[in-house]
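Since the structure comes first, as structure tokens, the remarks are kept for the end.
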Amino acid sequence: MDLPAPELHALLSRVVDTAVARHESLPTARAVPAAFPSRDAVPGVLPDEGVGAEQSLQEVYDEILPFLSNSAGPRFFGLITGGTTPAAMCADFLTTIYDQNTILHSPGDSIAASVEDRAVEMLADLFKLPQDEFTGVLTTGATASNILGLACGRQYAGRVHFGVDVAEDGMEGCGAFEVISNLPHASVVKAMGLVGIGRRRLRSCDLSVDSIETALRSVPPDVAPIVVVSSGEVNTGRLQPSLPEVSALCKKYRAWLHLDGAFGLFARCSPKYDHFTDGVELADSITTDLHKWLNVPYDSAVFFTRHERILRECFTTTAAYLAPPDHAYSTSLAPTHPMNRGIESSRRFRALPVYMTLRAYGRAGYAALVERTCAFAKHVGEWIAAQDELELLYAVDLCIVLFRGKGGRREGAEGNKALVSAINGGGALYVTGTVWDGVPAIRLAVVNYRTTDAEFDTVVKGLKEAALTLA
Ligand SMILES: Cc1ncc(COP(=O)(O)O)c(C=O)c1O
């Protein structure tokens, strides 16, 4: 398996050349390939004798790379998809080369866990979360962070409402748990199933403080409430208003307040948009993705909580061969123990791209990124609102444009599907279909650091041409 240095150098050089060529080509490339083969065409058969690294690399060049999406490019607006900044790209290469396990050994073996600490501190600073109140850990995505949030909420509610330490003793002795929320992301509902709350235990409310209070008041005495707010909502980018009042209500009813800010928390990076997130710092736990608006590679997110003890109760792992679980908590001298704050034991050194991109571009770089992408989304929204063939369904607050086709063969479920296909098939941009308030619709989310005004004409031309094909 090993390779002599010159051969390794040749292979890696080819990869580095590809990195640079791809970086250069992304702004002009199609958003996604015109076609790609089905799963059966991927030659994933285990050979008796391996083909060797060079041949295997050639196969990847021939059979896989041409059919990957250009989701790191500036006109891929599907889901909520960031790219990879040059600093994060370098760091991610190095992460693979050094192959650290971000876990604390006793005795220590690496500075990796300290780098994660620093990365989390810088993120707290970027999001204006008081560093003496919040602690955090990197995760694989907002889904994982939402699982952490609901596990902590369940632990807190178990203690406060039922006097039970759920992490130690299980749910016996507890009543039921209920999540009160307005349009939670699907991953929150998944997390409800995973942590034993139950997917059906969702009590829907609207965004108003009155509605949240009515929901909290109607929870029976033997049921423990957890409130989950979206900042922002995945179809519209809409952010939960009145967070100070929501937080006061949660205190009154002893409900854990979890905030899913998978992308919306980035509004806090810019003085122009941070008013949308007033009161975020009052939440008990907070989710944010980093592979979205921070523009670091997959998979990367962060989870913050102001309740380190609850987090530790949920996630502490003990084994004779590992560093003791109380190792160096909250001292400035030694790193915290990431294994005891999240799901994984062995962990990728995903802190390095986060650390490096924050050091490289700083507060000002991310403020500018948020402002540029939000301005782009607003501009596209205004253009859509002025078209006969398209309809803007929601005023653009942040980075998401929600719209649908109007007239012709563009309306209804089939029309919407056809319009999404026509837009994506054109190659100029990529969008995702959805349903909003019962209406088939299309989302266009702008969080890539390479999306600039230079893309605007190409994007609106792609939208117009697609809409006109369905006259
Ligand atoms: C509000 C919200 N929460 C959670 C998620 C899930 O994020 P991930 O796919 O990183 O797990 C998303 C993804 O778009 C989201 O928008």
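Numbers for residues simply follow the sequence, beginning at 1. Predicted model only: the values in this text are computed from it and were never measured.
Residue R217 places its CZ atom among more than 12 non-hydrogen atoms of other residues, nucleotides or ligands, all under 6.0 Å distant.
Ring-plane geometry between F456 and F376 is classed as perpendicular, the angle between the planes exceeding 60 degrees on a 0 to 90 degree scale with a lower cut at 30. By the 30° and 60° cut-offs, the orientation of the rings of Y298 relative to H291 is tilted. Ring pair F127/F266 is perpendicular by interplanar angle, where above 60° counts as perpendicular and below 30° as parallel.
Ion pairing between E455 and R450 fails under the 4.0 Å rule for side-chain N and carboxylate O. A salt bridge is defined here as a Lys NZ or Arg NE, NH1 or NH2 lying under 4.0 Å from an Asp or Glu carboxylate O, and R372 with D453 fails to meet this definition. Ion pairing between R306 and E281 fails under the 4.0 Å rule for side-chain N and carboxylate O. Using a 4.0 Å cut-off between charged side-chain N and carboxylate O, R350 and E116 make no salt bridge. A salt bridge is defined here as a Lys NZ or Arg NE, NH1 or NH2 lying under 4.0 Å from an Asp or Glu carboxylate O, and K378 with E371 fails to meet this definition. Using a 4.0 Å cut-off between charged side-chain N and carboxylate O, D92 and R348 make a salt bridge.
None of R154, R199, R201 except one satisfies the salt bridge (charged side-chain N to carboxylate O under 4.0 Å, His left out) rule with E178; the exception is R201.
At a threshold of 4.5 Å between non-hydrogen side-chain atoms, the residues Q155 and F315 do not count as touching. The side-chain heavy atoms of P184 and D260, taken from C-beta on, include no pair separated by under 4.5 Å. In this structure, the side chains of Q240 and I212 come closer than 4.5 Å at one or more pairs of heavy atoms.
Proximity of a side-chain donor or acceptor of Q387 to a complementary backbone N or O of L390 within less than 3.5 Å is not detected. Looking at D397, its side chain never comes within 3.5 Å of a backbone N or O of G237 through a donor-acceptor pair. N70 places no side-chain N or O within donor-acceptor distance of the main-chain N or O of A29, the cut-off being under 3.5 Å.
From D165, atom CG reaches atom CD1 of I310 across 8.5 Å, with rounding to the nearest 0.5 Å.
Side-chain contact check for R203 and S218: at least one donor-acceptor pair (N or O, by modelled atom type) lies under 3.5 Å.
The minimum heavy-atom distance linking I226 with G153 is given by the pair CD1-C, 3.6 Å.
Ring centroid separation for the pair Y366 and Y449 does not come in under the 6.0 Å cut-off.
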